[in-house]
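Keep in mind the model is a prediction, meaning the values are calculated, not measured. Counting begins at 1 with the first residue of the sequence. When a ligand or atom number is given, it counts from 1 through the structure's own listing order.
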Amino acid sequence: MKLVMLGAPGAGKGTQAAVLSEKLNIPTISTGNILRAAVKDETAVGAVAKSYLDAGKLVPDDLILDILTERLAQPDCAHGYILDGAPRTLVQAQTMEQVGIHVDHVLSIEIADEVIEERMEGRRFCIACGATYHVKFAPPVKDGVCDKCGGTLDQREDDKPATVRRRLEIYHAATEPLKEFYAQRGLLRTVENQSAIEETTKMVMEALSI
Ligand code: AMP
């Protein structure tokens with residue numbers, strides 16, 4: 001199965017993609033993860049992408065198309081894949097079609113902006129060991145201090161309130177029109193994100209008839 005996950009940043013695409021990936025035995029390709037790894041490894045792609053990622057802006061379409069073309073040519077993608085975070089613009093979706101990257105289903109995970117803001121803005125990570133927390137839903141024992149290693153907790157640049165709001169605006173302006181694009185092709189399935197991950201997964205399975 002070749003599947004595209006659509007949805008706002010923080011909507012739960014990655015979580016559901018991980019479940020589907022395991023169930024269907026196909027890889028999840030997250031362009032966000034590929035870009036973050038490139039920044040960390042200080043590659044040429046990372047050097048271009050860093051300022052966009054930090055600002056919560058979309059990286060240029062041609063960079064995404066290069067990344068996708070290269071990644072999807074790997075042998076593990078031969079029997080299908082889940083695209084988490086791409087395409088994110090009409091140009092990306094149109095170009096994918098033109099270069100022969102076709103998909104069978106597009107799953108849109110729907111969730112209110114306010115819920116996303118609360119989730120993302122409360123996230124913290126340990127700068128020493130990378131452990132993750134949430135100030136409301138998974139707080140550390142001591143404010144700002146990692147339970148696991150005593151390191152200092154910080155907020156990812158792109159989880160800061162102004163950046164989260166910008167990312168949501170960009171989602172509504174640039175990515176949401178893809179729902180119509182794929183609906184016209186008969187590929188769109190829509191699922192409301194429920195508070196329990198398992199509930200959402202159940203609805204995802206139903207929507208995809210698996
Ligand atoms: P994500 O982890 O999917 O939320 O992506 C993190 C960041 O990577 C985004 O805020 C963008 O800066 C960049 N990014 C990831 N995928 C794309 C894409 N398909 N098009 C443009 N930018 C992207």
When the side chains of residues 65-72 are checked against the rest of the protein, which donor-acceptor pairs come out under 3.5 Å, sequence neighbours left out?
| unit_1 | atom_1 | unit_2 | atom_2 | d |
| --- | --- | --- | --- | --- |
| Thr69 | OG1 | Leu65 | O | 2.5 |
| Arg71 | NH1 | Asp76 | OD1 | 3.0 |
| Arg71 | NH2 | Asp76 | OD2 | 2.7 |

For residues 134-145, which side-chain donor-acceptor pairs fall under 3.5 Å, sequence neighbours excluded?
| unit_1 | atom_1 | unit_2 | atom_2 | d |
| --- | --- | --- | --- | --- |
| His134 | ND1 | Lys136 | N | 3.0 |
| His134 | ND1 | Phe137 | N | 3.1 |
| His134 | NE2 | Glu118 | O | 3.1 |
| His134 | NE2 | Arg119 | O | 3.0 |
| Lys136 | NZ | Glu118 | OE2 | 2.6 |

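Distance check: Leu107 CG to Leu20 CG gives 7.5 Å after rounding to the nearest 0.5 Å.
At a cut-off of 3.5 Å, with distance as the only test, a side-chain donor of Glu180 or Gln184 sits close to an acceptor on the other residue.
Applying the side chain to side chain donor-acceptor pair (under 3.5 Å) rule to Glu206 yields no partners; only residues at least two apart in sequence or on another chain are considered.
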Per-pair distances, ligand 1 N/O vs protein N/O, less than 3.5 Å:
| unit_1 | atom_1 | unit_2 | atom_2 | d |
| --- | --- | --- | --- | --- |
| ligand 1 | 2 (O) | Arg36 | NH1 | 3.1 |
| ligand 1 | 2 (O) | Arg36 | NH2 | 2.9 |
| ligand 1 | 3 (O) | Arg88 | NH1 | 3.1 |
| ligand 1 | 3 (O) | Arg88 | NH2 | 3.2 |
| ligand 1 | 4 (O) | Arg88 | NH2 | 3.1 |
| ligand 1 | 4 (O) | Arg167 | NH2 | 2.6 |
| ligand 1 | 5 (O) | Arg88 | NH2 | 3.3 |
| ligand 1 | 12 (O) | Lys57 | O | 2.5 |
| ligand 1 | 16 (N) | Thr31 | OG1 | 2.8 |
| ligand 1 | 16 (N) | Gly85 | O | 3.3 |
| ligand 1 | 16 (N) | Arg88 | NH1 | 3.3 |
| ligand 1 | 19 (N) | Gly85 | O | 2.9 |
| ligand 1 | 19 (N) | Gln92 | OE1 | 3.0 |
| ligand 1 | 20 (N) | Gln92 | NE2 | 2.9 |
| ligand 1 | 22 (N) | Val59 | N | 3.1 |

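When side chains are defined from C-beta on, Lys148 counts as touching Tyr133, because their heavy atoms get closer than 4.5 Å.
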